[in-house]
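Worksheet: the structure to be examined is printed underneath.
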Amino acid sequence: MSYLLRTLTKKEDVDSIIRDTIDKLLVLRFGRSSDSVCLQLDDILSKSEQDVSKFASIALVDVDSEENQVYLKYFDITLIPSTVFFFNAHHMKMDSGSADHTKWVGAFHRKQDFIDVVEEIFRGAMKGKLIVKCPLPPERIPKFQLLFKDV
């Protein structure tokens, strides 16, 4: 399903979409088109794109592209898929009960979960917040362990 969504392979493309998306939430999925969990998330994103199109834009970022490695390091993306949110070029964070509020790691369980998260982040962004509370119940939030390198 990744062919239905805009795929960014160059750093300039990522920079411009972050900079040029105004008054809409930007959803960037970092991952690979060959990964099964990424494909599951891509299916949910493509099915949801029409429903959230009035207040959100969705794009995919290729983690295998050499030019995009700077974003992988900046957002500390070690697990894929990872989804990062922006509003008016500001990085939006979400408290989902994990130690990492900067991104959503893993796939959403269903389409409505993704829509709920996007709506909540958009509402918070419109109120001037940079971090919002996750609207999903804990059992529908993917669990992962943070591994710290060179600490």
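Sequence positions, counted from 1, serve as the residue numbers for this chain.
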Report task. Please step through side-chain contact (heavy atoms from CB on, under 4.5 Å) for the pair Val27 and Phe114, ending with a clear verdict. Result -> CA-CA 10 Å; Val27 180; Phe114 172 71; 4.0 Å; yes

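- Under the 4.5 Å side-chain heavy-atom criterion for ILVMFWY residues, a single connected hydrophobic cluster contains both Ile77 and Ile17.
- Under a hydrophobic clustering in which Ile, Leu, Val, Met, Phe, Trp and Tyr are joined whenever their side-chain heavy atoms come within less than 4.5 Å, directly or via other members, Ile18 and Leu72 fall into the same cluster.
- Note that the NZ atom of Lys103 and the CG atom of Leu28 stand 13.5 Å from one another [nearest 0.5 Å].
- Hydrophobic clustering of Ile, Leu, Val, Met, Phe, Trp and Tyr side chains at less than 4.5 Å, counting indirect connections, keeps Leu136 apart from Ile131.
- Taken together through direct or relayed side-chain contacts under 4.5 Å among Ile, Leu, Val, Met, Phe, Trp and Tyr, Leu4 and Val37 form parts of separate hydrophobic clusters.
- Residues Met92 and Lys129 approach most closely at CE-O, 3.0 Å, considering heavy atoms.
- Residues Leu5 and Arg29 have side chains not in contact (no heavy-atom distance under 4.5 Å, counting atoms from C-beta outward).
- When all heavy atoms of Leu25 and Phe87 are compared, the pair lying nearest together is N-CD1, 3.9 Å.
- Across every non-hydrogen atom of Lys54 and Lys24, the tightest pair is O-CE, 3.9 Å.
- In Glu12, the CD atom is crowded: over 12 heavy atoms of neighbouring residues, nucleotides or ligands sit closer than 6.0 Å.
- Rounding to the nearest 0.5 Å gives a distance of 11.5 Å between NZ of Lys111 and CG of Asp116.
- Asn88 contributes no side-chain N or O that, together with a main-chain N or O of His90, makes up a donor-acceptor pair within less than 3.5 Å.
- For CD of Glu66, the number of neighbouring non-hydrogen atoms (other residues, nucleotides, ligands) closer than 6.0 Å is 12 at most.
- Side-chain N or O atoms of Asp95 include none that pairs as donor or acceptor with a backbone N or O of Val132 at under 3.5 Å.
- In plain terms, the two heavy atoms of Leu41 and Gly106 that are nearest each other are CD2-O, 4.0 Å.
- In this structure a side-chain-to-backbone donor-acceptor pair under 3.5 Å is present from Ser16 to Asp13.
- Ring geometry, Phe75 versus Phe86: the interplanar angle exceeds 60°, so the pair is classed perpendicular (tilted spans 30 to 60°).
- The shortest side-chain heavy-atom distance between Glu119 and Phe55 falls under the 4.5 Å cut-off.
- Contact between Lys11 and Asn68 at its shortest, heavy atoms only, is N-OD1, 3.5 Å.
- For the pair Ile121/Trp104, no side-chain contact is recorded, criterion being any heavy-atom separation below 4.5 Å from C-beta on.
- To the nearest 0.5 Å, atom CG of residue Leu60 and atom CG of residue Asp42 are 5.0 Å apart.
- Cys134 places a side-chain heavy atom less than 4.5 Å from the side chain of Ile141.
- Taken to the nearest 0.5 Å, the CD1 atom of Ile115 stands 11.5 Å off from the CD atom of Glu49.
- Between the side chain of Lys10 and the main chain of Ser65, no donor-acceptor pair closer than 3.5 Å is present.
- The minimum heavy-atom distance between His109 and Arg140, with the atom names listed, is CD2-O, 3.1 Å.
- Counting heavy atoms from C-beta on, the side chains of Ile80 and Cys38 come closer than 4.5 Å.
- In this structure, the separation between CD1 on Ile22 and CG on Asp20 is 7.0 Å, given to the nearest 0.5 Å.
- In this structure, NE2 on His91 lies 5.5 Å from OG1 on Thr102, to the nearest 0.5 angstrom.
- In this structure the side chain of Val117 reaches within 4.5 angstrom of the side chain of Phe85, judged on heavy atoms.
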